[in-house]
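Since we're looking at a predicted model, the values are computed, not measured.
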Amino acid sequence: MVDDKNKEQQKNSHISSNYKKQHKKRKVKKVANTFLFLFRWILFLVIGIAAVGVYLGLTHPIFNIQYITVNGAVKNTKEKIIEAVNFQKGDNLFRIKTGESEEAVKKIPDIQSVKINRHIPNRVHITVEENYTFAYFESNNKIYTISGDGDISPDNNEGKEEIIKITGIMIEELNSTKALPKDSYIRDLNKSIVEYNLYPYIKEIDLSNPGNMKIILKDNTIVEFGNIENIFSKMGVLRKILEESNKKEVLLEKVILNNNQPPIIIPKNQKDTLNIENNSSEDRKAPEENPAANNRP
């Protein structure tokens, strides 16, 4: 009798245990199904939003290119570089093939490297590095060139009309070296000219008077630069003056850049006027180092 009762209890206990296990499995399965359902809907929603984003990105006019900027061009014009790429203003920002355009720009003579970046919503920026000759100087009837990297080497006297001429430089010292010193102000002079895209305008730089460097432009305008302090800011002012004179078609005779004072602009025609605000009172540092005001070359 007792054995039968124990058997009955064990049977009931076993049935209860099985029921609990099955109930737990059903509960876990229900929770898993709920999470799977939510996951599928969230995934569907994300894919839908992404699809809409891609569609708008490829079709909405707000993403049509409106601005193409070029930085680092020296010998090659910005127009020449822009003509080489496989896109133009009005094209969709996300449809352009930057890799193909970079390869096309690299085929331009003297281009060492190029990087094309998209800037949402409508701008493309092209950065190039050129292998170019910054300037040349003469010594003992020989011509020496200074590369954009500051290397000095003899020249074959070809094409110097396209290169900036430097006079008044410490020729004897430079003849014994193969590169400009790292702290040379001529390096900063080069950087400032490149940054403000002044290379196409300048014919000659006279360094014979450290207190008043002179720049002669290709249209024979004389720029009395003053000393080389605030070199980057004053190059920026010179750039503004040239842009404004081109815009107003004013021919210039002389420009005098004095520290902490407005520039003096003397036009060829005395009836013309050109006023530019001077912002050279505080020097802006060079991209890598501050210009050294009184360093030797």
Side-chain angles (χ1 to χ4, degrees), residues 73-74 77-78 133-138 146 148 160-171 174 180 183-287 289-297:
V74 181
T77 64
K78 295 181 179 181
T133 301
F134 163 59
Y136 77 94
F137 62 92
E138 298 179 2
I146 304 174
K160 68 177 185 178
E161 66 277 357
E162 300 178 1
I163 306 171
I164 296 173
K165 180 180 181 179
I166 292 182
T167 58
I169 201 169
M170 301 294 292
I171 294 174
L174 293 183
L180 293 171
D183 60 350
S184 171
Y185 68 83
I186 296 179
R187 288 183 181 271
D188 290 324
L189 183 61
N190 176 24
K191 290 178 184 178
S192 64
I193 289 172
V194 171
E195 179 163 339
Y196 288 104
N197 196 29
L198 291 169
Y199 191 91
Y201 295 93
I202 298 176
K203 179 171 67 175
E204 183 177 336
I205 299 175
D206 183 359
L207 299 174
S208 57
N209 183 356
N212 187 21
M213 179 176 73
K214 289 186 179 180
I215 297 176
I216 301 159
L217 304 183
K218 290 182 178 179
D219 64 357
N220 293 320
T221 299
I222 297 175
V223 180
E224 294 188 2
F225 199 81
N227 60 43
I228 60 172
E229 293 181 351
N230 302 338
I231 187 170
F232 279 82
S233 295
K234 287 197 283 189
M235 284 295 182
V237 174
L238 178 58
R239 176 69 191 187
K240 290 181 180 179
I241 292 172
L242 296 180
E243 287 178 347
E244 194 67 16
S245 66
N246 289 336
K247 181 180 178 181
K248 294 184 177 180
E249 297 182 349
V250 175
L251 299 177
L252 302 177
E253 181 75 29
K254 181 182 287 189
V255 176
I256 302 174
L257 298 175
N258 294 320
N259 290 331
N260 305 322
Q261 297 181 19
I264 300 174
I265 304 171
I266 304 174
K268 290 184 182 294
N269 186 342
Q270 298 301 317
K271 295 181 180 180
D272 294 330
T273 58
L274 200 66
N275 296 316
I276 303 293
E277 181 180 353
N278 185 14
N279 62 351
S280 64
S281 59
E282 295 184 2
D283 187 25
R284 191 183 60 73
K285 292 185 178 181
E289 55 188 336
N290 197 32
N294 296 309
N295 283 347
R296 295 165 69 87

For [X], give me all partners under side chain to side chain contact (heavy atoms under 4.5 Å, CB included), at least two apart in sequence or on another chain.
X	result
I266	E253, K254, I264, Q270
V194	V74, Y132, N190
N209	N212
N246	Y201

What are the two closest non-hydrogen atoms of [X] and [Y], and how far apart are they?
X	Y	answer
P267	I265	CD-O, 3.4 Å
P263	V237	CG-CG1, 4.0 Å
T133	Y199	O-OH, 2.6 Å
A135	I163	CA-CG2, 3.4 Å
T167	K165	CG2-CE, 3.7 Å

Under a 3.5 Å distance rule, please check whether R239 uses its side chain to pair with a backbone N or O of N197 as donor and acceptor.
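Between the backbone of N197 and the side chain of R239 there is a qualifying donor-acceptor contact (under 3.5 Å).
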
For the side chain of K234 and the backbone of F225, is there at least one donor-acceptor N/O pair under 3.5 Å apart?
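Here the side-chain-to-backbone pair exists.
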
Quick one: do N269 and L251 satisfy side-chain contact (heavy atoms from CB on, under 4.5 Å)? Show the steps, please.
CA-CA 7 Å; N269 186 342; L251 299 177; over 6 Å; no

One pair to check against side-chain contact (heavy atoms from CB on, under 4.5 Å): Y185 and L207. What are the steps and the verdict?
CA-CA 11 Å; Y185 68 83; L207 299 174; 3.7 Å; yes

Show the numbers, then the answer: is there a side-chain contact (heavy atoms from CB on, under 4.5 Å) between D188 and M235?
CA-CA 11 Å; D188 290 324; M235 284 295 182; over 6 Å; no

Can you measure from [atom1] ([X]) to [atom2] ([Y]) and round to the nearest 0.5 angstrom?
X	Y	atom1	atom2	result
I205	I166	CD1	CD1	5.0 Å
I241	T221	CD1	OG1	10.5 Å
L242	D219	CG	CG	8.0 Å
S192	I228	OG	CD1	10.0 Å
Y136	I164	OH	CD1	10.5 Å
K247	E244	NZ	CD	5.5 Å

side-chain contact (heavy atoms from CB on, under 4.5 Å), that's the test. Do I202 and L217 meet it? Break it down for me.
CA-CA 4 Å; I202 298 176; L217 304 183; 4.0 Å; yes

Residue list, side chain to side chain donor-acceptor pair (under 3.5 Å) with N220, at least two apart or on another chain:
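For N220, the residues satisfying side chain to side chain donor-acceptor pair (under 3.5 Å) (neighbours in sequence not counted) are K203.
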
For E204, all residues meeting salt bridge (Lys or Arg N to Asp or Glu O under 4.0 Å), sequence neighbours excluded:
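Once residues adjacent in sequence are excluded, E204 has no partner under the salt bridge (Lys or Arg N to Asp or Glu O under 4.0 Å) criterion.
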
